[in-house]
Amino acid sequence: MLRDENLKALAREKFHHFKTLERKHQELDDMIDELEKKSVITPQEELELERMKKERLKLRDEMMLLMKKAKEEAENEK
């Protein structure tokens with residue numbers, strides 16, 4: 001069975017846009033962390049935080065789907 005990091009590497013190899021998804025996910029993760037560190041956030045920042053969390057989750061779902069697809073393709077090649 002392939003591990004998470006192995007699946008990520010396989011997905012990067014098979015799907016060129018996987019790296020872009022990873023980068024965007026990491027950027028959102030960093031921005032969310034910074035916003036959550038603030039002691040007080042405005043209502044507008046709260047809305048932005050929720051939007052970013054939804055976007056980050058969407059990217060994660062896309063990456064998981066590509067990892068699953070890469071795993072299936074690798075198993076079919078055996």
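We use all heavy atoms of the structure for the numbers below, so side chains are in, but hydrogens, waters and symmetry mates are not.
- Here E5 pairs with K8 in a salt bridge; the nearest charged N to carboxylate O distance falls below 4.0 Å.
- Electrostatic pairing of K24 and E27 does not count as a salt bridge here, judged by no charged N lying under 4.0 Å from a carboxylate O.
- Taken to the nearest 0.5 Å, the CZ atom of R23 stands 10.5 Å off from the CG atom of L59.
- Under the 4.5 Å side-chain contact rule for hydrophobic residues, L65 and L7 do not share a cluster.
- Residues L66 and H17 form a side-chain contact, since some pair of their non-hydrogen atoms from C-beta on lies under 4.5 Å apart.
- Of the residues K53, R56, R60, the one that meets the side chain to side chain donor-acceptor pair (under 3.5 Å) test with D29 is R56.
- The pair E48-K38 does not meet the salt-bridge criterion, since no charged nitrogen lies less than 4.0 angstrom from a carboxylate oxygen.
- For the pair E13/F18, no side-chain contact is recorded, criterion being any heavy-atom separation below 4.5 Å from C-beta on.
- Residues A74 and K14 share a closest heavy-atom pair of N-CE, 4.5 Å.
- Between the NZ atom in K54 and the CG atom in L49 there is a gap of 11.0 Å [rounded to 0.5 Å].
- Note that CG of D61 is 11.0 Å distant from CG of L21, once rounded to the nearest 0.5 Å.
- Within a 6.0 Å radius of CD in E36, more than 12 heavy atoms belonging to other residues, nucleotides or ligands are found.
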Query raised in the report: Can you list the steps and then say if K37 with E34 is a salt bridge (charged side-chain N to carboxylate O under 4.0 Å, His left out)?
Result: CA-CA 5 Å; K37 285 180 186 175; E34 284 302 310; 3.5 Å; yes
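- In this structure, M31 CE and M52 CE are separated by 5.5 Å, a value rounded to the nearest 0.5 Å.
- Placement of L35 and L57 in two distinct hydrophobic clusters is found when ILVMFWY residues are connected by side-chain heavy-atom separations under 4.5 Å, directly or transitively.
- Rounded to the nearest 0.5 angstrom, F15 CZ and E73 CD are separated by 4.5 Å.
- Here the side chain of N76 pairs a donor or acceptor atom with the backbone of E72 at under 3.5 angstrom.
- In this structure, CG in L10 is found 12.5 Å from NZ in K69, a value given to the nearest 0.5 Å.
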